[in-house]
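Report on the structure given below.
When a ligand or atom number is given, it counts from 1 through the structure's own listing order.
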Amino acid sequence: MSPNSFDPTRIRLSPGELRGRVIAITGPTAGIGNALALECARYGAEVLLLGRNVKKLETVHDAILALQAHDGGAIAAPAIAPLDLEKAVAQDFDTIARAAQERWGRLDGLVLNAALLGQPMPIEEYDMPTWVRVMHVNVTANVALTQTLLPLLRASNDASIVCTSSAVGRKGRAYWGAYAVSKFALEGFMQVLADELEKSTVRVNSLNPGKARTQMRRQAYPSEDINTLPNPATLTPPFVALLGPQARGVTGCAFDAQPASSSSSSTGT
Ligand code: NDP
């Protein structure tokens with residue numbers, strides 16, 4: 001399939017789609033990242049869980065081990081690495097890279113999923129300390145993490161970086177403040193890095209999951225009936241498709257996990 005016609009929502013995934021791949025995911029302790037971590041494990045990946053709360057990481061770790069017990073060993077045990085994107089310094093990123101180097105010598109996937117919503121607020125009134133926090137977690141820390149892990153991704157013969165985007169990071173919308181601007185920046189990062197890595201074995205794309213039944217969505221739309229929204233587990237196949245071998249050669253592209261009518265307009269996150 002040519003990169004131009006690749007649509008991650010239309011890929012038929014095989015049961016072993018991610019077998020043999022090592023995939024790092026930020027924010028695997030809730031929402032979309034949690035659903036994705038379990039799904040990557042189900043599709044055969046060895047998952048590196050990067051999160052700020054060790055107890056929650058252990059819960060995800062145990063959930064994957066439970067899948068493993070159920071599936072008779074076809075599922076690989078995950079690894080855990082504590083990482084608070086707000087507080088991490090260079091040494092913390094290096095520690096993760098060193099541990100991954102020692103354990104696997106490479107990484108085949110990196111999903112930049114963890115994010116902060118900040119406050120829905122007009123730019124004129126936006127609280128600057130919150131702005132800095134959101135931009136740091138959603139952009140700068142992702143760039144630093146990617147930069148540190150890049151040698152490991154380059155060591156793979158088919159690596160994929162997926163930047164988790166948003167409808168408001170592709171078309172600006174009033175009151176979405178730092179969150180929207182941070183997602184625009186992540187899209188820009190994706191394009192710059194994809195161009196720089198064009199001749200390498202590392203591809204870089206963005207994926208907007210669209211609205212999903214998660215804590216972030218609840219925070220953005222407190223009066224909405226969250227039960228009417230898609231379960232995050234239903235939105236993971238396009239992520240898996242981008243991480244797997246069928247997306248080889250596809251880079252620098254912005255994708256949507258749901259049709260535009262259900263993921264953007266006035267209801268995006
Ligand atoms: P949730 O709020 O449900 O989960 C966010 C995850 O990010 C949690 O695991 C959280 O960890 C982690 N996280 C937050 N701050 C940090 C930090 N400082 N360091 C490390 N991890 C951190 O979000 P969603 O699942 O809804 O969103 C996932 C992605 O999808 C985000 O990038 C979001 O922008 C995007 N998205 C979501 C949409 C939606 O409708 N839900 C729509 C469009 C895009 P902890 O568990 O410790 O809190």
*Stepwise, does the side chain to side chain contact (heavy atoms under 4.5 Å, CB included) test hold for Leu85 with Arg52?*
CA-CA 7 Å; Leu85 291 166; Arg52 61 180 168 178; over 6 Å; no
Heavy atom under 4.0 Å from ligand 1: found in [X]'s side chain, backbone, both, or neither?
X	value
Gln219	neither
Lys87	neither
Leu83	backbone
Ser165	backbone
Pro209	side chain

*Any residue meeting ring pair (Phe, Tyr, Trp, His ring centres under 6.0 Å) with Phe93, in chain and number order, not counting sequence neighbours*: none
_Any residue meeting side chain to side chain donor-acceptor pair (under 3.5 Å) with Arg133, in chain and number order, not counting sequence neighbours_ = Glu86
Contact (N/O only, under 3.5 Å) between [X] and ligand 1:
X	answer
Leu85	yes
Asn113	yes
Asn208	no
Asn53	no

*Any idea which atoms of ligand 1 are less than 4.0 Å away from a heavy-atom of Lys56?*
45 (P), 46 (O), 47 (O), 48 (O)
*Heavy-atom contacts with Asp84 under 4.0 Å: which atoms of ligand 1 show up? List them by number with element.*
17 (C), 18 (N), 19 (N)
*Does a side chain donor of either Thr29 or Asn53 reach within less than 3.5 Å of an acceptor in the other side chain?*
no
*Shortest heavy-atom approach to atom 39 (C) of ligand 1 - which of Pro232, Ala257, Ala212*: Ala212
*Have a look at Met216, Lys55, Lys211, Arg133 and point out the one with the heavy atom closest to atom 23 (O) of ligand 1.*
Met216
So, [X] and [Y], do they make that salt bridge, N to O below 4.0 Å?
X	Y	value
Asp92	Lys87	no
Arg21	Glu46	no
Lys55	Glu58	no

*Quick one: is the NZ or CZ of Arg218 closer than 6.0 Å to the six-membered ring centre of Tyr221, and within 45° of its axis?*
no
